[in-house]
Amino acid sequence: MSAAPAYSEDKGGSAGPGEPEYGHDPASGGIFSSDYKRHDDLKEMLDTNKDSLKLEAMKRIVAMIARGKNASDLFPAVVKNVACKNIEVKKLVYVYLVRYAEEQQDLALLSISTFQRGLKDPNQLIRASALRVLSSIRVPIIVPIMMLAIKEAASDMSPYVRKTAAHAIPKLYSLDSDQKDQLIEVIEKLLADKTTLVAGSVVMAFEEVCPERIDLIHKNYRKLCNLLIDVEEWGQVVIISMLTRYARTQFLSPTQNESLLEENAEKAFYGSEEDEAKGAGSEDAAAAALPARKPYVMDPDHRLLLRNTKPLLQSRSAAVVMAVAQLYFHLAPKAEVGVIAKALVRLLRSHSEVQYVVLQNVATMSIKRRGMFEPYLKSFYIRSTDPTQIKILKLEVLTNLANETNIPTVLREFQTYIRSMDKDFVAATIQAIGRCATNIGRVRDTCLNGLVQLLSNRDELVVAESVVVIKKLLQMQPAQHGEIIKHLAKLTDNIQVPMARASILWLIGEYCEHVPRIAPDVLRKMAKSFTAEEDIVKLQVINLAAKLYLTNSKQTKLLTQYVLSLAKYDQNYDIRDRARFTRQLIVPSEQGGALSRHAKKLFLAPKPAPVLESSFKDRDHFQLGSLSHLLNAKATGYQELPDWPEEAPDPSVRNVEVPEWTKCSNREKRKEKEKPFYSDSEGESGPTESADSDPESESESDSKSSSESGSGESSSESDNEDQDEDEEKVRGSESEQSEEDGEKRKTKKKKVPEGKGEASSSDEGSESSSSSSESEMTSESEEEQLEPASWRRKTPPSSKSAPAAKEISLLDLEDFTPPSVQPVSPPAIVSTSLAADLEGLTLTDSTLVPSLLSPVSGVGRQELLHRVAGEGLAVDYTFSRQPFSGDPHMVSVHIHFSNSSDTPIKGLHLGTSKLPAGISIQEFPEIESLAPGESATAVMGINFCDSTQAANFQLCTQTRQFYVSIQPPVGELMAPVFMSENEFKKEQGKLMGMNEITEKLMLPDTCRSDHIVVQKVTTTANLGRVPCGTSDEYRFAGRTLTSGSLVLLTLDARPAGAAQLTVNSEKMVIGTMLVKDVIQALTQ
Amino acid sequence: MIHSLFLINSSGDIFLEKHWKSVVSRSVCDYFFEAQERATEAENVPPVIPTPHHYLLSVYRHKIFFVAVIQTEVPPLFVIEFLHRVVDTFQDYFGVCSEPVIKDNVVVVYEVLEEMLDNGFPLATESNILKELIKPPTILRTVVNTITGSTNVGDQLPTGQLSVVPWRRTGVKYTNNEAYFDVIEEIDAIIDKSGSTITAEIQGVIDACVKLTGMPDLTLSFMNPRLLDDVSFHPCVRFKRWESERILSFIPPDGNFRLLSYHVSAQNLVAIPVYVKHNISFRDSSSFGRFEITVGPKQTMGKTIEGVTVTSQMPKGVLNMSLTPSQGTHTFDPVTKMLSWDVGKINPQKLPSLKGTMSLQAGASKPDENPTINLQFKIQQLAISGLKVNRLDMYGEKYKPFKGIKYMTKAGKFQVRT
């Protein structure tokens, strides 16, 4: 009781006139001389019977420890209280013990028996805490006791105690590494544990004690994958990073086939993405070594890992998101990696430290997989309030992301950054501009001009940095830039930064033939100021002198000799050496003649231009998200990420004999059901992908799920399971037993042809899952092979229908040439949109396009080039109504080529286009050859800029060029938008007056059923249906692609066929045209 | 994993240290001080500093550096995330996380840290569980403890860690059962010189304060869940339910927590509720510059904009500013060159403006860059994305809770380039 006031004073930090014995504040005192005395009073307090006094003393002692003061001399007094009844005193004593036991080993032994007693306590929490403290006492003598305690705890009934045991393993290991073998046994035992509580801790112990024993994981692999989502966040991070390593040793690379098949196409499209090929180099080698390898099928376990980690991208913990991101980056097929971009960009909202780490990783990823982050370019724009280190990282990412299409916006951003007050950042920006200029040839001149303008900047650092960058750029094409070199030469009068001066001198020397008049003059000036220059500049002066001497010895002979003499007596030995060396080389003398004859070759040899590249290049050989990656140096204890094996190790090692986790397989299946949803979005990864697209994927899943209909049964069950998962865990296996039998039957029915699937047949639970996932996998890998580049992702399903489409087109051409609905390009002899034929087409498309959003999709095929006009090449196009993956503002147009001549047509590509302002085209990759009778499909994107102006362009083959044009119907300039009725009304309310166009019409009899009306409207315009309360009203909504303005369409059908059509849109022209088109469609 | 933790204040004193493995001498922090000196500003201290034998990972919050010492490879975000969790826990415990508060509660802090890590690996980081293990100090409890001599440590052993719902403690009881949800949206935007938007996005969070008895199971549904483009959840949210039905179903932790944070899809154009008209001009070789800004409402959906603050970092050449605001108060710090203007509410009839002159360093040339204007504001009762909660249902308990939803829109990182 009496101690209470003392304590409160203690807090205040003043040793007031309290009770004399306890009044001193041991923690705040700096006078160590009185230590002895002060600790006396604490000892006294600890020796009393009163718990409150003991507690008080302990609190003060702990406060001392916290502040880093030494309290070790109190050890005997404290350790006596280890058996104290009061829980708080006990806890504080534990804290003290753990801190000082190492220093007072003998005394610490006194406390051991208390813990040993605690280990037998009926309360699991006491058992756990006893083990925790016992294992934290770093006293080598008790190793056997610890070992025993850990072994016992590892088979404790309580998962919490087992978790503590897992924590104790690395503690014991660090104390005595001889125990490794025994500890591995314990780890093995705990790895088999099925509770989420233990999983994270034991994997952590595994990583610290025996990361090389990957064989221990086999049997637990599937269990860990399945438990993962329920493990606490910290455990998730550890498990994911361990599984990444595991997967790298056990599965085949998912990209090896892709890289073989797609490399060419990929390159053609991405142009500058050479890294891709380099990064995949090792895989290439592997693939090349085994050219006859059978088509790659992803191991179902590999798929399981990818699938089960994906939901964790939604975790609130940045560490978990990063862990999943690195797992996808290192393990997922190329097409699926995109999903991580969104989650990583989300982390950029977090604390600046998190941003720092994430940006480092994004920088590395963006070099290898640029396409992934392109849609999020704007998220990396820099704010003036960002800390400099974040700014520079963002700049790095922006530079990596810059490409032909977005470079104007990126440069405009850079323009603003250059005027920043943060000069380090400005310098980094200038370098970034330099890198953009080297990477993207188109803007090189623009950048160079911009940089030259910066030369007149007032800040010298800016100028200096510009000079350095300009020098590098000029090296790439020196001939054209004599003017710039002259300009730079003038700068030598003013600029003082040594690096910049040196750069200018080097440039003048190197290209002295371009500035023959100025160069000697510069040398003259430099010779004058030679003694005052920095070393780096002096070296370049010597260099310049030497070069001039060689090219223009008449004018500069004397100057050179003067400079060399000055240099000979310089204080710096480098400069003296250089002068001596240069003189020997250039000035012909009796002995050194041999070399001096070649001096010109030595000095003025053509030098390769420097490659400006990212400092993050090649960082990806470190596992992403790791400390080593961040530091770009191997940290202690870093586990190298192994390369993919060339041959897959036996997958059956992961089979578990006991079918006790049917529950897991159950879950797996439920995920299976969800799976198409994921895989779709994986494929998408484009910017247009949003919540809106899930009905789409759902429908796609329907098309896919035919192969996995078997899982339907269990999915209903899995819903209940969802309700109460935890209960599920406890629930016995009886209920599942029957289900499991059912599964057995099912799996027998659809046995997988591949040997791999059979290998797993010993284990019922996993088999069904693996077989179903496998079948899915094959379909997926098919897709992957069909896609030559990421932007064609949407095409594979239609490729299934390719034969059908071909038939149609043949039919189309041979039998019909009815007049078109749409005026098309000059050489147009137009084919029609045969409703019946289209059925086939639309069907294929509608599997992709959400039925809700646009029940009917794709305007019919239009002819772009008739086979007669095209000399055997017939070209059709359709508006696919799918978001164009490269750019959301573009309308994606499917171009179908067919060759009806009898010679192959080669080198189909787009030629120059004459486009009206604002309209832009994203070309399709060149089709190398089209054999007679064959057809091919390509996708291109056109940004029509919300106008119905035709896009004219050239279609070129190797021999011919055809002028063609595509004019979009107004209905194709928009994309459906999902909104509720209320939102619709609200938006409509905002678009009244001028923006509203109303027209009355009579619906013909044939056109009065809901279905037909909706179909007609959606065929005419790419709008989404808005749910509507009244039955006679139809509402549709969309947004124009380029400007994103809303287009709302209401059709109010009255009895007897009268109807009123209202279109609300900011774009009045579009509104009017749309009204016209829709009325035409409805009344026909 | 995490070896030790040092808390360092802005003047470079180590005021708390905690070791989870053997003791690491505090001299290791010298490397940190070195880096700090080099960085000049606190926020520029690199979060990861390699030293010969250790790696120092730090976060800077509330003017305190939390420096973790690690010895072996560990994902840096793991440590950084943990340090932030430590700060959040302190904040939760003591209301604020500052040096004096930590010093005052050093024993509680130490006990909390002891529970959060075992051998450097996180053990109990959920603040609900921690609060069961170690009771947070309150004024009342301090008084009671003083009188009765009882303690902060819970006298019952916690069971939360063992339960199937690790984030919720058992046996919660309230007389008034309430559940409040705040939908807070932040607009991050960069507006260029001419007033057009360069980038704008909406980030939202739903913060909840749930005080419900027993083990309630809540579901929260939205009118327009499709708005949510990218979401991250508190671990309590059932992910599958969200995937299939777009419904948030969860057993809430007790007390305050962040249920959800989300990003609104980029397709929807972001309504920018305010505009700034600015006219800032420097003339070459003149010792005066003109400064004038006006703030006005743009797309506010009929709501008032409150709590408007304008801050701007002026160029170094500006010596002083003499300005007159039409409303609110303004300050200019001639040392840091920071101008801040506390505007308050915007009255659409009488737009607030700040006009005047700047005195520039004589003879200095005009600065390259016009200052960037940072804006803060609040709009009550509005979620700018249009997100609306449809309903909140409770299962598993009999009583009828009181439910409340509040919407708010704030400026996040809202910058106007001039």
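For clarity, every value in this text was computed on a predicted model and none was experimentally measured. Note on naming: letters A, B, ... go to the chains in the order of the sequence lines (proteins, then strands), and numbering restarts at 1 for each one. Basis for what follows: all heavy atoms, side chains included, without hydrogens, waters or symmetry-related copies.
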Open item on the list: Quick one, A/Glu102 with A/Arg138, criterion side-chain contact (heavy atoms from CB on, under 4.5 Å). Give me CA distance, side-chain angles, the key distance, then yes/no.
Closed with: CA-CA 5 Å; A/Glu102 217 169 350; A/Arg138 289 169 292 272; 3.0 Å; yes
Task: Check against side-chain contact (heavy atoms from CB on, under 4.5 Å), B/Glu73 and A/Ser628 - done: CA-CA 7 Å; B/Glu73 168 69 45; A/Ser628 307; 2.5 Å; yes
Open item on the list: With side-chain contact (heavy atoms from CB on, under 4.5 Å) as the criterion, how do A/His629 and A/Gln623 come out once you've worked through the C-alpha distance, each side chain's angles and the decisive distance to 0.1 Å?
Closed with: CA-CA 6 Å; A/His629 170 264; A/Gln623 185 168 6; over 6 Å; no
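The contact between A/Lys634 and chain B is made entirely by backbone atoms, counting heavy-atom distances below 4.5 Å. With a 4.5 angstrom heavy-atom cutoff, B/Glu201 touches chain A only via side-chain atoms. Interface residue B/Trp20: only backbone heavy atoms are found under 4.5 Å from chain A. At a 4.5 Å heavy-atom cutoff, the contact between B/Lys413 and chain A is made by backbone and side-chain atoms alike. Heavy-atom distances place both the backbone and the side chain of B/Pro46 under 4.5 Å from chain A. Interface residue A/Val238: only side-chain heavy atoms are found under 4.5 Å from chain B. With a 4.5 Å cut-off on non-hydrogen atoms, B/Arg258 does not touch chain A at all. Neither the backbone nor the side chain of B/Leu259 has a heavy atom closer than 4.5 Å to any heavy atom of chain A. For chain A, no part of B/Ala200 is nearby; none of its heavy atoms comes within less than 4.5 Å. Within the 4.5 angstrom heavy-atom criterion, only side-chain atoms of B/Ile80, from C-beta onward, approach chain A. Within the 4.5 angstrom heavy-atom criterion, only side-chain atoms of A/Gln355, from C-beta onward, approach chain B. Only the backbone of B/Val45 has a heavy atom closer than 4.5 Å to any heavy atom of chain A. Only the backbone of B/Ser58 comes within contact range of chain A, with at least one heavy atom under 4.5 Å from a heavy atom of that chain. Proximity to chain B is limited to the side chain of A/Tyr356, based on heavy atoms less than 4.5 angstrom apart. When heavy atoms are compared at a cutoff of 4.5 Å, A/Val358 approaches chain B solely by way of its side chain, counted from C-beta outward. The part of B/Tyr110 that comes within reach of chain A is its side chain, from C-beta onward, which places non-hydrogen atoms under 4.5 angstrom from that chain. For A/Tyr100, no part lies near chain B; criterion is any non-hydrogen pair under 4.5 Å. Interface remark: A/Ile240 contributes no atoms to any contact with chain B (heavy atom separation under 4.5 Å). Looking at A/Ser384, the atoms closer than 4.5 Å to chain B (heavy atoms on both sides) sit in the backbone and in the side chain alike.
Between atom CG of residue A/Asn361 and atom CG of residue A/Leu347 there is a gap of 10.0 Å, rounded to the nearest 0.5 Å. Between atom OH of residue B/Tyr55 and atom CG of residue A/Leu627 there is a gap of 6.0 Å, rounded to the nearest 0.5 Å. Between B/Glu111 atom CD and B/Met116 atom CE the span is 14.0 Å, to the nearest 0.5 Å. Here the CG-CZ distance, from B/Leu260 to A/Arg316, works out to 12.5 Å after rounding to the nearest 0.5 Å. Atoms CD and OG, from B/Gln71 and B/Ser22 in turn, are 7.0 Å apart once rounded to the nearest 0.5 Å. The OG1 atom of B/Thr125 sits 9.0 Å away from the CG atom of B/Leu117 when rounded to the nearest 0.5 Å.
Between chain A and the residues B/Asp188, B/Asn374, B/Asp118, B/Leu57, the most heavy-atom pairs under 4.5 angstrom are made by B/Asp118. Counting heavy-atom pairs under 4.5 Å between each of B/Ile198, B/Leu16, B/Asn119 and chain A puts B/Asn119 at the top. Taking chain A as the reference chain and counting heavy-atom pairs below 4.5 Å, the highest number among B/Val231, B/Thr372, B/Thr72 is found for B/Val231. Listed options A/Val89, A/Leu624, A/Val354, A/Thr409 were ranked by heavy-atom pairs under 4.5 angstrom with chain B; first place goes to A/Val354. In terms of heavy-atom pairs under 4.5 Å with chain B, the best-connected choice from A/Arg346, A/Met979, A/Glu207, A/Met322 is A/Arg346. Among the candidates B/Leu83, B/Leu113, B/Asp192, B/Val23, the residue making the largest number of heavy-atom pairs closer than 4.5 Å to chain A is B/Val23. Between chain B and the residues A/Ser352, A/Pro170, A/Ser626, the largest count of heavy-atom pairs under 4.5 Å involves A/Ser626. Annotation: maximal heavy-atom pairing with chain B below 4.5 Å, among A/Ala66, A/Ala319, A/Ser317, A/Ala635, occurs at A/Ala66. Between chain B and the residues A/Gln314, A/Lys171, A/Glu208, the largest count of heavy-atom pairs under 4.5 Å involves A/Gln314. Interface summary for chain A: among B/Pro100, B/Ala39, B/Ser261, B/Ala189, the most heavy-atom pairs under 4.5 angstrom belong to B/Ala189. Of the listed residues (A/Val62, A/Leu631, A/Asn982), the one with the most heavy-atom contacts under 4.5 Å to chain B is A/Leu631.
Electrostatic pairing of A/Arg349 and B/Glu186 counts as a salt bridge here, judged by a charged N lying under 4.0 Å from a carboxylate O. Under the 4.0 Å criterion applied to side-chain N and carboxylate O atoms, A/Glu413 and A/Lys378 are not assigned as salt-bridge partners. In summary, B/Glu81 and B/Arg85 engage in a salt bridge, as defined by a charged side-chain N under 4.0 Å from a carboxylate O.
The shortest heavy-atom contact between B/His84 and A/Glu353 is NE2-OE1, 3.0 Å. Closest approach of B/His19 to B/Ser4, counting heavy atoms only: ND1-OG, 2.9 Å.
Judged by distance alone, with hydrogens and angles left aside, the side-chain atoms of B/His234 form a donor-acceptor pair with the main-chain N or O of B/Cys236 at under 3.5 Å. Remark: side-chain polar atoms of B/Glu114 are not paired, donor with acceptor, to backbone N or O of B/Lys18 under 3.5 angstrom. Side chain of A/Thr164 to main chain of A/Tyr160: a donor-acceptor pair is present (N/O by atom type, distance under 3.5 Å, no hydrogens or angles).
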